[in-house]
Amino acid sequence: MNRKRALIADTFCLTKRRRCAADSVTGESQADIRSSLQYLVTLFSRKLFNDSLPPVVLKHQLYSLHNDKTSVDKQVNELRETGELLMFQLGFDSEAFALVFAEDYRAKVLQGEAGRGTLGTVEKFLTKLIPSCSDLSFNKEKMLKEFLFTDSEITQLVKSGVLTVRDAGSWWLSIPNSGKFIKYFIKGRKAVLGMVKKSKYSEILQTELEGRRTTSQVKFQMKYHIHDIIGAELVECIQTTSGTLLRYVDGNVN
Amino acid sequence: MLSFLYARQSGLDDPVRLRRAESTRRVLSLELNHNRDVDRIHGNGINTLDIEVIDGRYMLSGGSDGVIVIYDLENNSKKPQYTCKAICTVGRSSRHVHKFSVETVQWYPHDTGMFVSSSFDKTMKVWDTETLKPAEEFQFDGNVYCHHMSPVARKHSLVAVGTKDPKVQLCDLKSGSRIHILQGHRGEILSVRWSPRYDHILATASTDSRVHIWDVRRASGSLFTLDQHNGDKSKTSSEAVNTAHNGRVNGLCFTADGLHLLTTGTDDRMRLWNSATGENTLVNYGKVVNESRKGLKFTVSRGCSPEFVFVPCGSSVAVYGLHSGELITMLRGHYNNVDCCEFHPDYQELYSGGKDCNILAWVPVLRQPDIEDEETNSKRVKHCLYLYRSAGLD
């Protein structure tokens with residue numbers, strides 16, 4: 001018995017195309033990515049950080065929800081260009097990018113800065129940044145000439161946490177108070193991966209993993225971590241008759 | 001399928017369309033066939049394969065034991081069961097065999113009278129196929145990782161050689177000397193490739209994470225370097241500016257029309273570039289597992305409508321759609337790491353070789369014949385006879 005279903009080229013399956021035209025994967029619009037982002041935002045635990053951090057979603061979590069990575073990348077870039085979404089380099093992995101909705105970011109940063117002397121500079125920076133700029137890092141020339149900031153203002157921005165030092169004369173855009181987030185995230189990811197690895201044959205059904213009791217290491221919701229490890233391809237997703245199976249991929253650095 | 005044939009016959013469709021559709025269908029149905037085998041000669045892993053371009057009949061393979069074998073791929077036996085026989089071998093007993101592992105072999109692009117092999121014994125040998133003796137031998141200072149001859153060149157016969165030295169050497173087959181050195185890389189050169197579109201464009205990949213595109217007619221440096229961020233210096237840390245990958249770049253492959261270039265790197269990524277401008281097309285293939293410390297040899301299909309990339313990933317060969325970036329399928333069959341693969345464009349077959357000393361032939365599955373139901377057949381015949389008889393009576 002041939003269990004494999006043969007792969008058919010698009011050109012040959014006219015009837016299949018007509019049937020699937022309604023729910024075709026290739027016809028995704030921006031609204032799909034936005035709704036996926038909003039779903040992932042609900043998985044983010046706000047209370048953990050005492051509401052001081054805007055909801056952070058990682059770009060590769062979107063890959064676990066949508067099949068076509070290239071179109072996900074394209075749509076994320078479109079949202080960034082319109083100024084709706086901001087992307088940050090988190091620092092622990094050169095490929096891990098964090099996405100935050102621009103209004104959330106602005107609200108939380110200003111909330112955190114309220115009552116401090118740096119409020120004015122930060123507000124000026126945000127008004128310059130949000131509508132147009134889609135850079136991840138800034139160098140000194142850009143800050144001084146394009147944005148017309150002075151050296152002392154740049155120091156204030158670094159102190160407030162909006163900029164992080166990248167190397168001499170250039171800075172990453174960053175989320176204030178995100179250090180705790182990164183720490184919990186890495187610990188939680190390691191713990192969840194450990195749970196998958198320790199299972200029999202290093203594989204576990206996704207539904208079973210979601211139901212498992214989490215250790216104190218895992219601060220975020222299980223689903224948040226599961227989307228992360230699937231999207232970053234740290235586990236392999238295999239479709240079985242009992243649901244999705246997650247198998248640990250050997251050769252991981254984490 | 002019948003609709004395609006009818007459209008071609010009546011002139012509604014271009015003849016190429018049927019050929020492309022059928023080639024794509026065949027590539028999507030690649031699998032191991034128990035009727036097709038390749039003779040097992042190598043005692044150690046197979047590092048490189050090359051199929052000649054003129055007839056597509058003879059295949060060269062180079063192994064880690066320094067042995068070079070030539071196979072006949074054509075099936076003249078009139079039986080479906082066929083083993084591709086090894087016609088001749090440069091074995092360990094030959095006086096001229098390479099001392100260490102053979103890393104790259106390539107047929108002379110214009111006929112099968114000659115082939116070139118390069119090896120870790122720091123030499124590159126040009127062999128005469130009739131006598132299996134080297135007609136020319138080039139000595140280098142370091143291990144030779146790869147070499148390539150331009151498949152379209154008529155005016156020159158240069159062989160580009162990548163060695164442990166950061167300088168790319170160009171050797172001339174006509175004069176037998178090293179005539180040109182391309183400076184620009186800062187690490188070992190793991191892969192070199194001529195463009196199949198222009199005979200003066202050369203791409204080189206190195207351990208310093210950079211890929212340079214050269215015009216060999218120019219005296220000064222490279223034309224441009226491939227930058228994974230397309231000039232957006234803000235996306236990455238300062239050391240990684242202007243690099244093609246975040247690790248060693250160990251695989252290069254041009255598409256058949258030469259308009260795009262694929263590169264693979266040890267950062268587990270594969271990138272597709274526009275070969276004229278050097279722009280990263282940002283097609284996301286996901287994680288393409290790459291642990292090779294030497295060059296990785298992968299290939300692109302030819303003549304299909306969405307082209308496919310065949311990349312060795314661990315002990316299987318991954319098939320990706322070229323422009324969509326989606327993983328179509330994984331071809332599993334090898335027992336150990338796969339090192340090289342080669343696509344046969346005329347028959348849409350894939351040959352892959354690896355550390356398990358096997359060369360596997362992936363053959364498209366033939367269409368299943370329709371099984372006619374016995375009952376309906378006889379009913380139909382009776383109905384026809386009845387119609388004839390009634391027509392005859394009228």
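Residue numbers start from 1 in every chain, and the chains themselves are labelled A, B, ... in the order their sequence lines are given, proteins ahead of strands. Given the structure is predicted, the values throughout are model-derived calculations rather than measurements.
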Worksheet entry | Region of B:Thr329 that comes under 4.5 Å of a non-hydrogen atom in chain A | side chain

Item to complete: Side chain from CB out, backbone as N, CA, C, O: work out which of these in B:Arg20 comes under 4.5 Å of a heavy atom of chain A, or both, or neither.
Response: neither

Discussion item. Please report the interatomic distance NZ(B:Lys287) to CG(A:Leu234), rounded to the nearest 0.5 Å.
Written reply: 5.5 Å

Worksheet item: With a cut-off of 6.0 Å (strictly less than), are more than 12 heavy atoms of other residues, nucleotides or ligands near NZ of A:Lys183?
Response: no

Discussion item. For a quick test of reading the model, state the closest non-hydrogen atom pair linking B:Asn284 to A:Asp73 and the distance between them.
Written reply: ND2-OD2, 2.9 Å

Discussion item. Heavy-atom count check: over 12 atoms from other residues, nucleotides or ligands less than 6.0 Å from A:Lys74 NZ?
Written reply: no

Worksheet item: So which part of B:Leu327 gets closer than 4.5 Å to some heavy atom of chain A, the side chain, the backbone, both or neither?
Response: neither

